[in-house]
Number of protein chains: 2
Amino acid sequence: MTTSTAAPPRVLVVEDEESLLFTLAHSLKREGYTVVTASRGDDGLRLAREQKPDLILLDVMLPGIDGIQVCRMLRRDSDVPIIMLTALGGESDRVAGLDTGADDYIAKPFGMRELMARVRALLRRSGARAQPEAEPPVVISGDLQVDRDRREVVRGGEVLRMKPKEFELLLFFLQHPGRVFSREQILNEVWGHDFDGGHRTVDVHIRWLRQKVEDDPSNPVRIRTIRGSGYLFEG
Amino acid sequence: MTTSTAAPPRVLVVEDEESLLFTLAHSLKREGYTVVTASRGDDGLRLAREQKPDLILLDVMLPGIDGIQVCRMLRRDSDVPIIMLTALGGESDRVAGLDTGADDYIAKPFGMRELMARVRALLRRSGARAQPEAEPPVVISGDLQVDRDRREVVRGGEVLRMKPKEFELLLFFLQHPGRVFSREQILNEVWGHDFDGGHRTVDVHIRWLRQKVEDDPSNPVRIRTIRGSGYLFEG
DNA sequence: TTTCGAGTTAACAGCGAATAAACGTTGCTT
DNA sequence: AAGCAACGTTTATTCGCTGTTAACTCGAAA
């Protein structure tokens with residue numbers, strides 16, 4: 001019943017914080033989606049009805065009408081997939097969000113990668129055709145197998161137990177081999193747009209990753225350090 | 001949604017320090033952009049609205065209205081890409097800058113080359129057409145291959161281990177073959193506009209480069225010395 | 001020959017990264 | 001509700017690398 005086209009899926013983003021809106025729009029476009037934006041709840045509601053998007057990203061806190069209201073009103077006559085963006089990851093928010101009929105929620109701050117994964121998943125579930133990028137569920141590089149569906153990493157037959165952030169970080173590297181990324185870029189992609197901690201956090205996670213992924217963690221071959229620039233994953 | 005033209009992208013530079021403003025404008029023009037300048041925050045704001053530039057370089061410290069304010073005011077009705085030029089590379093500055101809705105920031109002192117790279121990246125992201133120069137990821141000259149993504153130099157099948165400055169310097173030469181550059185010019189481009197060290201620093205780096213790049217470092221063929229003028233890279 | 005610019009080498013200070021460990025938070029178990 | 005385990009982040013320390021400068025040598029131009 002949702003719109004289904006041969007063209008790329010349309011995503012409506014309703015978010016008042018300018019910089020986040022920009023980042024979201026940009027990331028979505030890069031993935032191949034068509035993006036429509038609004039920074040007020042009432043505008044969002046109007047656009048949702050005019051444009052019939054295939055998916056909606058909806059901030060909870062909004063000027064005009066808040067996200068919860070918008071969601072409720074939309075649900076009266078549509079079952080378009082909705083992902084709520086909530087400020088505080090509190091249990092109550094989550095419940096409140098899902099109660100209104102949202103299909104998923106994600107707490108700020110969130111990594112772009114995770115959000116994109118959820119968007120993709122939700123669109124697939126909702127049966128939207130023409131996935132802009134049918135990312136394979138398993139990414140392989142050398143003797144490494146990363147299964148995004150099972151959230152599991154297999155190396156030489158044995159399953160590596162990965163922490164969530166480690167997994168995300170490794171997946172990010174696997175998907176962008178042979179290119180240097182600065183700590184800032186990595187923080188933006190893996191941690192989230194508004195993570196404001198120190199960039200040394202990356203170092204530590206790199207280290208942990210190396211201990212699981214490298215033959216000799218002290219002499220890394222896969223995840224190389226490019227002094228003064230960042231890190232590079234050797235495809 | 002942003003302004004997009006067939007003509008070269010317009011860049012607005014707002015900077016109060018005369019010499020830096022001059023350098024910036026000059027470098028941008030050489031890259032093929034159309035440049036508009038202002039040395040006060042209020043003038044910058046006015047010009048931004050009149051001229052609708054495709055990108056803005058905005059100093060944080062400004063007479064009139066400071067850069068943060070200008071950025072905030074612009075963001076109310078525009079999503080033109082903005083790069084902030086910050087004096088102190090402190091983490092807090094970064095956050096403050098990005099919070100106002102800036103798309104990128106760069107800490108002084110910075111090399112012109114890096115700035116140009118960011119300008120290019122941001123314009124590409126924002127979807128501005130008519131890229132003045134779509135820089136290829138790999139630059140080749142003779143048996144030299146410089147890979148900017150991997151930050152790696154390959155010569156005759158073997159990978160050369162390069163220090164950061166060496167890499168930048170070599171890349172600079174590769175991109176400007178057959179032309180003499182004075183030490184001052186090289187310092188400006190590769191080191192940064194307000195590097196205040198001695199110019200002999202260049203000599204030493206040239207020497208190190210030659211040892212890695214020349215067949216006979218004592219009789220350089222690729223990086224030639226033009227006595228009294230500077231150095232020249234033989235394309 | 002004299003002078004000035006460039007080559008060469010080594011010393012040193014400062015920075016960036018690796019590492020280990022502590023801390024605070026969260027979520028789960030009992 | 002309390003205790004516990006796991007995880008993410010921060011901090012401190014160590015270590016090695018890199019950039020810069022200075023001193024000396026060499027060679028070319030005047």
Side-chain angles (χ1 to χ4, degrees), chain A residues 88-94 107 109-111 114 151 160-170 180-184 186-187 190-192 194-214 216-232, chain B residues 89-92 95 107 109 111 151 160-170 180-184 186-187 190-192 194-214 216-232:
Chain A
L88 307 161
E91 195 76 11
S92 56
D93 273 9
R94 174 180 175 253
F110 49 81
E114 190 186 348
R151 288 213 135 225
L160 299 180
R161 185 184 154 63
M162 289 290 201
K163 296 186 257 186
K165 273 268 154 48
E166 282 174 2
F167 185 86
E168 284 297 328
L169 185 55
L170 178 58
V180 184
F181 290 94
S182 70
R183 289 170 175 71
E184 254 186 53
I186 294 172
L187 283 177
V190 179
W191 267 257
D194 57 355
F195 175 84
D196 60 351
H199 59 185
R200 281 318 166 105
T201 295
V202 178
D203 299 34
V204 177
H205 282 267
I206 291 278
R207 176 171 141 66
W208 291 340
L209 245 193
R210 278 174 171 160
Q211 289 194 325
K212 299 184 178 175
V213 156
E214 297 279 357
D216 177 5
S218 302
N219 290 63
V221 174
R222 295 193 131 109
I223 304 176
R224 290 194 325 175
T225 303
I226 310 299
R227 182 176 246 264
S229 295
Y231 298 95
L232 174 148
Chain B
E91 195 80 11
S92 57
V95 173
R151 288 209 135 231
L160 299 181
R161 185 183 153 65
M162 290 288 200
K163 295 187 262 190
K165 273 269 153 50
E166 283 174 2
F167 184 86
E168 285 296 330
L169 186 55
L170 178 59
V180 185
F181 290 93
S182 72
R183 290 170 176 71
E184 272 74 19
I186 294 172
L187 283 176
V190 179
W191 268 257
D194 57 354
F195 173 82
D196 59 352
H199 62 182
R200 296 307 297 274
T201 294
V202 178
D203 297 34
V204 177
H205 283 268
I206 291 279
R207 174 172 144 66
W208 289 340
L209 246 193
R210 279 174 171 161
Q211 289 196 324
K212 298 182 179 176
V213 155
E214 298 279 358
D216 178 6
S218 302
N219 289 64
V221 175
R222 295 193 132 110
I223 304 176
R224 286 178 28 204
T225 303
I226 310 299
R227 198 188 168 76
S229 298
Y231 298 96
L232 173 148

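In what follows, every chain begins at residue 1, and chains take the letters A, B, ... in the order their sequences are listed.
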Worksheet item: Among all residues two or more places apart in sequence or in another chain, which pass the side-chain contact (heavy atoms from CB on, under 4.5 Å) test with A/Glu214?
Response: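 Result, side-chain contact (heavy atoms from CB on, under 4.5 Å) vs A/Glu214: A/Arg210, A/Pro220, A/Val221, A/Arg222, A/Ile223.
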
Practice prompt. Name all residues meeting the side-chain contact (heavy atoms from CB on, under 4.5 Å) criterion together with B/Asp216; count only those two or more places apart in sequence or in a different chain, and write none if there are none.
Written response: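 Listed in chain order: B/Ser218, B/Asn219.
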
[X] [atom1] to [N] [atom2], straight-line distance once rounded to whole Å:
X: A/Phe181; N: C/dA17; atom1: CZ; atom2: P; answer: 16 Å
X: A/Asn219; N: D/dC15; atom1: CG; atom2: P; answer: 17 Å
X: B/Glu168; N: D/dT20; atom1: CD; atom2: P; answer: 13 Å
X: A/Ile223; N: C/dA17; atom1: CD1; atom2: P; answer: 15 Å
X: A/Leu209; N: D/dT9; atom1: CG; atom2: P; answer: 14 Å
X: A/Glu214; N: C/dA18; atom1: CD; atom2: P; answer: 11 Å
X: B/Asp196; N: D/dG19; atom1: CG; atom2: P; answer: 17 Å

Discussion item. For A/Arg207, give me all partners under salt bridge (charged side-chain N to carboxylate O under 4.0 Å, His left out), at least two apart in sequence or on another chain.
Written reply: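 Checked A/Arg207 against salt bridge (charged side-chain N to carboxylate O under 4.0 Å, His left out); zero matches.
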
What's touching nucleotides 4-8 of chain D from the protein side, N or O pairs under 3.5 Å?
| residue | atom | partner | partner atom | Å |
| --- | --- | --- | --- | --- |
| D/dC7 | OP1 | A/Arg161 | NH2 | 2.9 |
| D/dG8 | OP1 | A/Lys165 | N | 2.9 |

Practice prompt. Ignoring hydrogens and angles, tell me if any N or O in the side chain of B/Glu166 forms a donor-acceptor pair with the backbone of B/Lys163 under 3.5 Å.
Written response: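 Looks like yes, one N/O pair under 3.5 Å.
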
Worksheet item: Does A/Lys212 use its side chain to pair, donor to acceptor, with the backbone of A/Arg161 at less than 3.5 Å?
Response: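 Looks like yes, one N/O pair under 3.5 Å.
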
Worksheet item: Is the closest side-chain heavy-atom distance between A/Ile226 and A/Arg224 below 4.5 Å?
Response: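 The answer is yes; the side chains approach within 4.5 Å.
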
Discussion item. Across nucleotides 1-8 of chain C, 5' to 3', mark each nucleotide with B, S or - according to how protein heavy atoms within less than 4.0 Å reach it.
Written reply: ---BBBBS

Worksheet item: For the rings on A/Trp191 and A/His205, is their centre-to-centre separation under 6.0 Å?
Response: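 Distance test on ring centres: under 6.0 Å, yes.
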
Discussion item. Applying side-chain hydrogen bond (donor to acceptor under 3.5 Å, both in side chains), can you list everything that pairs with A/Arg227, at least two apart in sequence or on another chain?
Written reply: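 Per chain and number, A/Arg227 pairs via side-chain hydrogen bond (donor to acceptor under 3.5 Å, both in side chains) with no residue.
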
